[in-house]
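To keep things clear, I will list the structure first and then write my remarks on it.
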Amino acid sequence: MILNFYKYQGAGNDFIFLDNRNGTFPKENKELIVHLCDRHFGIGADGLILIENHSETDFKMVYFNADSSQTMCGNGARCAVAFAKKLGIINESANFTAYDGPHYAEVNDDGTISLEMIDVDQIDVLEDHVFTNTGTLHHIEVVNNLENYPVVELGRKIRNEVYGAEGSNVNFIEQTNANTFLIRTYERGVEDETLACGTGVTAAAIAAHKIGKTTDTVVNLHAIGGNLQVSFDVTDGIYKNVVLTGPAQFVFQGTFNVS
Ligand SMILES: N[C@@H](CCC[C@H](N)C(=O)O)C(=O)O
């Protein structure tokens with residue numbers, strides 16, 4: 001089988017895209033998904049995304065982590081909008097369906113994508129961290145000297161020892177001004193630090209606001225792979241109109257021979 005694939009990245013979070021509107025990709029084949037994402041023996045990526053037909057929205061995004069587990073992915077969703085535009089499915093805006101439900105997104109004049117995220121009403125503020133769900137699970141800790149922080153070592157420990165088999169993504173943030181934070185994320189399903197995580201920066205912005213680190217409702221997050229922005233409204237403690245904005249870039253396309 002020959003697969004035509006496209007590679008995209010959003011702030012360095014990279015994805016293999018397949019146009020599966022004809023439904024021919026064997027998505028039950030988890031070994032194949034793991035193999036395609038393998039950086040040594042496959043194409044290499046943090047995740048794999050299928051674009052499929054949907055009866056009520058412009059398209060359906062089916063996301064797999066590099067280990068083939070499924071959930072929502074914010075950077076992947078922004079890249080999915082860019083890919084859907086390249087395929088001619090949408091123009092400057094999209095209504096699409098993802099793991100966590102329907103989403104609306106817009107392509108901005110500078111090529112960045114603004115993506116509406118789910119409302120967030122459950123935010124657990126604990127002694128040394130915040131835990132919330134922005135489409136997928138996130139643990140957030142405020143730290144010092146993030147540049148030299150042992151993100152992989154501590155992220156993996158928290159992911160496994162605090163959250164067990166289901167796990168959680170683990171974000172470490174450091175404030176640099178009133179509405180700006182540096183962020184590094186250990187992602188479950190990749191089981192490593194990634195260069196950025198869209199649902200993670202969304203969770204971090206909401207957590208920072210919730211615990212009073214910022215009073216702004218437009219928050220800048222600087223990840224290793226690029227800059228992202230999160231805006232929201234807060235009504236009765238519920239974060240609504242949450243929008244994630246950032247880059248989504250086509251990198252290359254090719255064919256992969258599945259033996
Ligand atoms: N990189 C993603 C998040 C992908 C899912 C995550 N690894 C999980 O398993 O929850 C993003 O940009 O949101």
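Indexing begins at 1, ligand by ligand and atom by atom, following the structure's order.
The side chain of Thr71, and not its backbone, has at least one atom closer than 4.0 Å to an atom of ligand 1 (non-hydrogen atoms only; side chain from C-beta on).
When Asp46, Thr185, Val152, Val151 are each tested for a side-chain contact (heavy atoms from CB on, under 4.5 Å) with Asp192, only one passes: Val152. Residue Ser231 is tested with Val243, Leu244, Val242 for a side-chain contact (heavy atoms from CB on, under 4.5 Å); the sole match is Val243. Checking Phe96, Tyr6, Phe5 one by one against Phe83, the ring pair (Phe, Tyr, Trp, His ring centres under 6.0 Å) holds for a single residue, Tyr6.
The environment of Lys30 atom NZ is dense: over 12 non-hydrogen atoms of other residues, nucleotides or ligands sit within 6.0 angstrom. Atom CZ of Phe252 is surrounded by more than 12 heavy atoms from other residues, nucleotides or ligands within 6.0 Å.
A donor-acceptor pair under 3.5 Å is formed between the side chain of Arg184 and the backbone N or O of Leu146.
For atom 12 (O) of ligand 1, the closest non-hydrogen atom of the protein is Gly198 N, 2.6 Å. Of all protein heavy atoms, the one closest to atom 6 (C) of ligand 1 is Asn169 OD1, 3.3 Å. Here the heavy atom of the protein found nearest to atom 2 (C) of ligand 1 is Cys73 SG, 3.0 Å. The nearest protein atom to atom 4 (C) of ligand 1, hydrogens excluded, is given as Glu187 OE1, 3.3 Å; this is a heavy-atom distance.
Checked by distance only, ligand 1 and Gly189 stay at 3.5 Å or farther apart across all their nitrogen or oxygen atoms.
Listed by number with element, the atoms of ligand 1 under 4.0 Å from a non-hydrogen atom of Tyr63 are 4 (C), 5 (C). The atoms of ligand 1 that sit less than 4.0 Å from any heavy atom of Gly74 are 11 (C), 12 (O), 13 (O). For ligand 1, the atoms lying closer than 4.0 Å to a non-hydrogen atom of Thr136 are 8 (C), 10 (O). Taking every non-hydrogen atom of Thr199 and a distance limit under 4.0 Å, the qualifying atoms of ligand 1 come out as 3 (C), 11 (C), 12 (O), 13 (O). Listed by number with element, the atoms of ligand 1 under 4.0 Å from a non-hydrogen atom of Asn75 are 11 (C), 12 (O).
If you check each of Leu244, Asn65, Asp46 against atom 9 (O) of ligand 1, the one with the closest non-hydrogen atom is Asn65.
The closest side-chain donor-acceptor pair between Tyr149 and Glu174, if any, does not fall under 3.5 angstrom.
Taking 4.0 Å as the cut-off, Met72 counts as a neighbour of ligand 1 on heavy-atom distance. Heavy atoms of Asn13 approach ligand 1 to within less than 4.0 angstrom.
Inter-residue side-chain proximity for Ile158 and Tyr186 is flagged as unmet; no heavy-atom pair is nearer than 4.5 Å.
At least one cation-pi condition fails for Lys240 and Phe232: the charged atom is not both under 6.0 angstrom from the six-membered ring centre and inside a 45 degree cone around its axis.
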